Amino acid sequence: MEGSLFDTCVASYLLDPERRDHSLGYLIEGEYGFSLPELKSQTKAAKKEDAGLFGEETVPPACSRAEGVLKVQESLEGRLREDGLLDLYNRVEAPLIAVLADMEEAGVRIDVDFFLRMSENLSTALNKIEKKIYDLAGEQFNIRSNKQLAGILFDKLGLPYGRKTKTGYSTSQDLLENLSSEHELPRWVLDYRELFKLKSTYVDALPHLVSDKTGKIHTNFNQTVVATGRLSSSQPNLQNIPMRTELGREVRKGFIADKGYALLSLDYSQVELRILAHLTGEEKLRDAYVRGEDIHRATAALIFGVEPEAVTGEMRNAAKMVNYGLLYGMSAYGLSRRLGISREEAMEFVQGYSASLPKVKKWKDSNLDSVREEGYTTTLMGRRRYIRDIRATDRSRREFAERAAINSPIQGSAADMIKLAMVNIHKELAGMNSRAKMTIQIHDELLLQVPEEEIEKICSMAKEKMVTALELDVPIEVDAGWGPTWYDAHH
DNA sequence: CACTAGTGCAA
DNA sequence: TATTGCACTAGTG
């Protein structure tokens, strides 16, 4: 049932890029008269009832959808061919539909008791922090309300306020960090927020999403949402499970393998930077990767004009920011903010970078020219993203469009690569008659549940498929790890 | 209940 | 004034 719907959605997504952000909603709206919010609430309700995409009452017959697909097939195929998207559709997007369906159906097991224990621990800790905050504030208030919090911090305690938002003073993390040198309270609020976030979004929410039928969590992998070609995940979003802080990372201990199985994680190493090296044809970047060098160290050596051995931690960090900033089309001003340096210094870094890696700047310029000319960006497999605002007269709109135009071919090519790898791995697993299953994709990582005795075999097979999905001028590397939980699968 | 704003999690 | 998402809570009408 979902297959035919998704078939049409994928086609409409490839063919109608102006509407791709809403292609599912557009389709449903057009064909069945649902508004977007209605669609959202219906899919949510249906998910809760475990009754399919829509509630029973509102399900349009599967055959009418199939008929609809058939009616538009010919004209859509013609347009795919015209735009050179047939290969992408036939080799990647169409076969991926079944792969995603299998992943959603396979689901992932969570340790409900683990989350219940963690929830209690968080409650205890939150209560203590709450008391401390009320004590410091001299009154009780809702710590989660930015309005009330701003009242305490800026009106009552008289702390220096930063930027204002549409509705009042900002209480953002960034700002509270700076304020923590002035007063004890901001630090406690930050701690409170971290714990509350973990508890409400992950620890308490996930156990409620376990299916009665399978005892597992079944996310939705949305194929027609992200403008660059990535997947998104919803209900729940399994692509934003905490990783950075130690406490947050604990959540991953709650994602477990079935008995007799292990979770195998495979992730592309710096795939977007490698794609940048490939797209730009910059030999210095390519050679660094060919030689297996530390790319940030190598970049630092070039920017600062020193030997790689002489690069300090600080220099490497600055180079890392420049490298990643590049992927997002960051300005010298943005870089200066991130590194806490002056704009002049940041400008020097950028100039140093352009001087030693001239082809990166050349690529950016020619890419922007082509977007202005054609109106869209292109990935390695020809996937398009239309960028209307590239000619906007409003400067901030235009600059936003320019950043998207720089980022899209890179992010989108990485999406092409992992999607193709997923299709190939899925095919191979079927051929091997393996019990291993792909369960989650997180943009540059694949999580598989694998029978313990097959781990090494599956690991090397999947790694090979990921590394060879697209042939680039730059070597592609994949890191792998496995264990009884998602936490353990990362080394 | 529908909706927006602010915030924060991931790659 | 760094890209792409999803979701939680508060607050408005």
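Please read these numbers as outputs of a predicted model, since none were measured by experiment. We name chains A, B, ... by the order of the sequence lines, and we start the count at 1 in each one.
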Enumerate donor-acceptor pairs with a distance under 3.5 Å from any side-chain N or O in residues 344-353 of chain A to protein atoms, sequence neighbours excluded.
from, atom 1, to, atom 2, distance (Å)
Glu345(A), OE1, Ser342(A), N, 3.1
Glu345(A), OE1, Ser342(A), OG, 3.3

Quiz item: Arg338(A) side-chain donor-acceptor pair to dA2(C) base, under 3.5 Å: yes
Lys199(A): partners by side-chain hydrogen bond (donor to acceptor under 3.5 Å, both in side chains), with sequence neighbours left out: Asp204(A)
N or O in side chain of Gln148(A) less than 4.0 angstrom from dG11(C) OP1/OP2: yes
Presence of Arg403(A) side-chain N/O under 4.0 Å of dT3(C) phosphate oxygens OP1/OP2: yes
Presence of donor-acceptor pair under 3.5 Å, side chain of Asn240(A) and base of dC9(B): yes
For Asp102(A), all residues meeting side-chain hydrogen bond (donor to acceptor under 3.5 Å, both in side chains), sequence neighbours excluded: His426(A)
Contact nearer the 5' end of DNA chain C, comparing Arg337(A) with Ser408(A): Arg337(A)
Sugar-phosphate, base or nothing in reach of Gly329(A), heavy atoms under 4.0 Å: nothing
Tyr333(A): side-chain hydrogen bond (donor to acceptor under 3.5 Å, both in side chains) partners, not counting sequence neighbours: Arg337(A)
Ion pair check, Arg144(A) and Glu130(A), cut-off under 4.0 Å: no
Residues from residues 437-444 of chain A lying under 4.0 Å of DNA chain B - heavy atoms: Ile442(A), His443(A), Asp444(A)
Distance test, side-chain N/O of Thr165(A) to OP1/OP2 of dG6(B), below 4.0 Å: yes
Arg144(A) side-chain N/O to dG11(C) phosphate OP1/OP2 under 4.0 Å: no
Lys NZ or Arg CZ of Arg384(A) over Tyr376(A) ring: under 6.0 Å, within 45°: yes
Contacting residues from residues 182-200 of chain A, given that a heavy atom lies under 4.0 angstrom of DNA chain B: Arg193(A), Lys197(A)
